[in-house]
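Residue numbers start from 1 in every chain, and the chains themselves are labelled A, B, ... in the order their sequence lines are given, proteins ahead of strands. From a predicted model like this one, the values you see are computed outputs, not experimental measurements.
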Amino acid sequence: MENVEIARALLDVADLIEIQGGNPFRVRAYRNAALTVESQTVALRKMVEDGKDLTELPAVGKDIARHIKELVETGKLGVLEELERQVPRGLIELTRLPGLGAKRAKLLWDQLGIQTLEQLERAARADEIKGIKGFGAKTQQRILEGIAAYRKRGSRFKIVDADQYVEPLVEYLRRDPAVESVDVAGSYRRRRETVGDIDVLVIAKDAGAVMKHFTAYGDVTTVQLAGDTKGTVVLKSGLQVDLRILPKKSYGAALQYFTGSKEHAVKVRQRAVERGLRLSEYGVFEVEKGKEPDDEERDPWAGRMVAGKTEEEVYAALDLPWIPPELRENRGEVEAAARDALPDLIVLEDVRGDLQMHSTWSDGKYSLEEMMDACVERGYEYFAITDHSKALAMTGGLDAKKLREQWKEIDEIASRRSDIRILKGMEVDILADGTLDLEDEMLAQLDVVLASIHSRFDLPAAKQTERVLRAIRHPEVNILAHPTGRQINRRDAMDFDLDEVLRCAVEHEVVVEINAHPDRLDLKDTHAMRAKELGGRMAISTDAHRPAELAFMRYGVDQARRAWLEKGDVINTLPYDRLAEILAKRRP
DNA sequence: GCCGTTTTCGGCCCGACTGTTTTCAGTCG
């Protein structure tokens, strides 16, 4: 039972209680606990086995600790099974549709016996929905559109794909003379690996004109809503974009609020309440006596406004320094900020070289020297060429003989060029038994050895772990590349004990990679965070197969920032001599 | 269901928009 599965079970409990109409705070308690579970890097299974006290974890109390224990030990959850007897779990999927929440999903079930998306679609087509009280023709139509979009989209957008749609849209908005400023907030600004939708914030001279301009964007297929201050459209790609038009004096508060995460925002608001203040997207306000927030007639501008124009001002009003968006996940950043102990996050400019890329020697599309030129263009001090080993036949992986030929080419190029240092490297396959796909005598001559898994992702966890540990213990291995093997929206991480692997890597001074390829981002943020916690060192590498992909470095740095990494945690920020020292010396 | 330097009870973030209303509930972020 992995953490993700435990989190999913807790979320299912929350959804079902909500549909049932249960205590909303109980619903939230389960959701908060799920979030905690999801962000743990240590397997809860292990904590249970070691007899650790789960209630130490935030948002986990006696009951939920017991539930987690039950899940780990039996693979089942009594409360969940009980709920499923009372409420069909298919209703959870219905609430994923826009405009359908828990209450209406239940109503559909009560009135029409609808339990699945298919049944809902049939009922909508048969014109049965609009007869129910609270539903109308428009809602019925919206449901059908929602089902179509849901099927088309399925999963979240990778950040690299979102970038492609967002950048031209922002440019388009800036062209409107009524627009004073544009910012993209949300998970996009926090640089999460995927985004569900896009939140755009605008200061405008003429809100109506901007809303018109926005909904007229050429890439828009449907306008879902267009009010005075808020609009929602869906682009042809299926990406949903929300636009919010804001007054200048509360722009910072709005940016803070819509950047999220939700959990971070809640935490910050609680801090406001502790100080007798109220924080909304309009600003930080003093709470007037007799006008407490729960008053019937609530005015967003009630009370004296003490901050709101900039984010810095908002945080400062709560006695906090500005917190970088990448950290805003309620993983301790508010506490750290309060202690003035935020990390000095790594930036793209800190990177001095790239330690994984491919050339035409294996499955790359460009020659070694073309990749080299691209690295020079990026201003790098060094780079490693790391073609595949022979086990990956489909990539034209190199055996010892071909590798020697490649070295000859590298030596020849190096002899006539001094604008950048080339490291002779290889991405060596870790075979099923944990041995490496190249002779030791050859490994010893490489400047940098990457070890990685490309096959047999399905081994039982214990065997998989042992396989990776064996590779790490090999004295010639420098870097464990894309450690979990996951591919975003395509393949889950392999089933193995990552925590043990990270400990072993630290012990043997093996660097772990943050693969910057936006399809991978492996290690992911929370895992890299854990690696740092254990004292590990990391490399951020693009795995580029063509020059343009060297630009993926940005996505690796984004994830590193989300993992709280500083320059000193990442070896490819080091000058060449220091890097070479680390790579040469593996063990005492 | 969780949580606690005013606490073991009584709180738990806040506001906009839509559709179907007849003064507001539900949904969303």
Side-chain angles (χ1 to χ4, degrees), chain A residues 10 13-14 17-19 21-36 54-68 79 94-108 129-143 146 185-187 195-199 201 211 223-232 240-246 250 253-254 256-274 276-285 287 292-296 298-302 330:
Chain A
L10 295 175
V13 171
I17 295 173
E18 191 175 30
I19 293 168
N23 177 356
F25 297 109
R26 195 173 160 227
V27 172
R28 192 191 297 171
Y30 275 99
R31 293 206 171 122
N32 287 340
L35 213 84
T36 296
L54 296 174
T55 62
E56 304 266 295
L57 298 170
V60 176
K62 250 172 54 191
D63 284 4
I64 292 184
R66 213 175 49 236
H67 293 336
I68 294 174
V79 255
L94 299 193
T95 66
R96 305 280 182 261
L97 296 175
L100 268 195
K103 294 258 168 61
R104 302 174 112 174
K106 177 159 191 297
L107 203 58
L108 288 167
I129 305 288
K130 69 176 189 192
I132 304 174
K133 71 168 187 306
F135 290 78
K138 269 194 156 163
T139 307
Q140 179 169 287
Q141 184 54 32
R142 194 145 175 243
I143 285 172
S187 49
V195 300
D197 53 28
I198 299 294
D199 300 294
L201 307 189
M211 192 55 76
V223 178
Q224 289 195 342
L225 122 200
D228 292 339
T229 65
K230 184 182 167 182
T232 298
Q240 181 180 313
V241 183
D242 293 345
L243 179 80
R244 290 184 164 85
I245 299 169
L246 300 148
S250 55
Q256 195 278 332
Y257 180 64
F258 289 112
T259 296
S261 67
K262 204 173 173 183
E263 294 72 26
H264 173 87
V266 167
K267 187 93 184 180
V268 174
R269 280 189 182 202
Q270 278 166 355
R271 194 174 166 91
V273 171
E274 285 164 20
L277 301 169
R278 188 177 66 210
L279 170 63
S280 76
E281 55 265 50
Y282 294 101
V284 182
F285 298 90
V287 179
E292 270 73 23
D294 52 300
D295 268 10
E296 283 296 310
R298 192 182 305 181
D299 172 3
W301 300 102
N330 194 23

Measure from the side chain of [X], starting at C-beta and using heavy atoms only, and say which of [options] lies closest.
| X | options | result |
| --- | --- | --- |
| A/I64 | B/dC13, B/dC17, B/dG1 | B/dG1 |
| A/V266 | B/dC2, B/dC14, B/dC13 | B/dC13 |
| A/T229 | B/dG1, B/dC12, B/dA16 | B/dA16 |
| A/D63 | B/dC17, B/dC12, B/dC2 | B/dC2 |

ask   = If you find the nucleotide of DNA chain B closest to A/A65 and the one closest to A/G136, which residue's nucleotide is nearer the 5' end?
value =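 Looking at DNA chain B, the more 5' nearest nucleotide goes with A/A65.
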note = By nearest-heavy-atom nucleotide on DNA chain B, the more 5' of A/T139 and A/T55 is A/T55
Calculate the interatomic distance between [X] atom [atom1] and [N] atom [atom2]; express it in whole Å.
| X | N | atom1 | atom2 | value |
| --- | --- | --- | --- | --- |
| A/K62 | B/dC3 | NZ | P | 12 Å |
| A/Q141 | B/dT20 | CD | P | 12 Å |
| A/E263 | B/dC12 | CD | P | 18 Å |
| A/E274 | B/dC12 | CD | C1' | 13 Å |
| A/K130 | B/dT18 | NZ | P | 22 Å |
| A/F285 | B/dG15 | CZ | C1' | 12 Å |
| A/L246 | B/dA16 | CG | P | 11 Å |
| A/K138 | B/dG19 | NZ | P | 4 Å |

NA contact type, [X], heavy-atom cut-off 4.0 Å: base, sugar-phosphate, or nothing?
| X | answer |
| --- | --- |
| A/P58 | sugar-phosphate |
| A/A137 | sugar-phosphate |
| A/A226 | sugar-phosphate |
| A/V60 | sugar-phosphate |
| A/Y30 | sugar-phosphate |

Whole-angstrom distance between [N] and [M], as gauged at atom [atom1]:
| N | M | atom1 | result |
| --- | --- | --- | --- |
| B/dT6 | B/dC2 | P | 24 Å |
| B/dT21 | B/dG26 | P | 13 Å |
| B/dC14 | B/dT20 | C1' | 24 Å |
| B/dT8 | B/dC13 | C1' | 24 Å |

ask   = Do A/D242 and A/F258 come within less than 4.5 Å of each other through their side chains, counting heavy atoms only?
value = no
query = Quick one: does A/V27's side chain get under 4.5 Å of A/V13's, heavy atoms only?
reply = no
request  = Please name all residues satisfying side-chain contact (heavy atoms from CB on, under 4.5 Å) with A/R269, sequence neighbours left out, ordered by chain then number.
outcome  =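 Expected list: A/Y257, A/L279, A/S280, A/E281.
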ask   = Does B/dT8 have a Watson-Crick or wobble mate here (both distances under 3.5 Å), and if so which one?
value = none
inquiry  = Below the 4.0 Å mark, does B/dC13 have OP1 or OP2 next to a side-chain nitrogen or oxygen of A/S280?
reply    =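 False: A/S280 side-chain N/O out of range (4.0 Å or more) of B/dC13 OP1/OP2.
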ask   = Under 4.0 Å between a side-chain N/O of A/R269 and OP1 or OP2 of B/dC13, yes or no?
value =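 Result: no.
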query = Between A/S250 and A/A253, is there a donor-acceptor pair closer than 3.5 Å when you use the side chain of the first and the backbone of the second?
reply =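 Here the side-chain-to-backbone pair does not exist.
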message = Would the distance check show the side chain of A/T36 and the main-chain N or O of A/P58 forming a donor-acceptor pair, the cut-off being under 3.5 Å?
response =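 Flag set: sc A/T36 to bb A/P58 pair under 3.5 Å.
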request  = Only pairs at least two apart or in different chains count here, so list each salt bridge (Lys or Arg N to Asp or Glu O under 4.0 Å) that has a residue in residues 97-107 of chain A.
outcome  =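 Qualifying pairs, neighbours excluded: A/K106-A/D110.
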Below 3.5 Å is the cut-off: list the nitrogen or oxygen pairs between protein and nucleotides 26-29 of chain B, distance only.
unit_1: B/dT27; atom_1: OP1; unit_2: A/G101; atom_2: N; d: 2.8
unit_1: B/dT27; atom_1: OP1; unit_2: A/G101; atom_2: O; d: 3.2
unit_1: B/dT27; atom_1: OP1; unit_2: A/R104; atom_2: N; d: 2.8
unit_1: B/dT27; atom_1: OP2; unit_2: A/K103; atom_2: N; d: 3.3
unit_1: B/dT27; atom_1: O5'; unit_2: A/G101; atom_2: N; d: 3.4
unit_1: B/dC28; atom_1: OP1; unit_2: A/L97; atom_2: O; d: 3.0
unit_1: B/dC28; atom_1: OP1; unit_2: A/G99; atom_2: N; d: 2.8
unit_1: B/dG29; atom_1: N2; unit_2: A/Y257; atom_2: OH; d: 2.9

task = Salt-bridge test for A/D199 and A/R244: reply yes if a basic N is under 4.0 Å from a carboxylate O, no otherwise.
result = yes
ask   = Should A/E18 and A/R28 count as an ion pair when the cut-off is N to O under 4.0 Å?
value =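 Salt bridge: no.
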task = Just do the side-chain contact (heavy atoms from CB on, under 4.5 Å) check on A/L201 and A/L243 with the steps written out, would you?
result = CA-CA 6 Å; A/L201 307 189; A/L243 179 80; over 6 Å; no
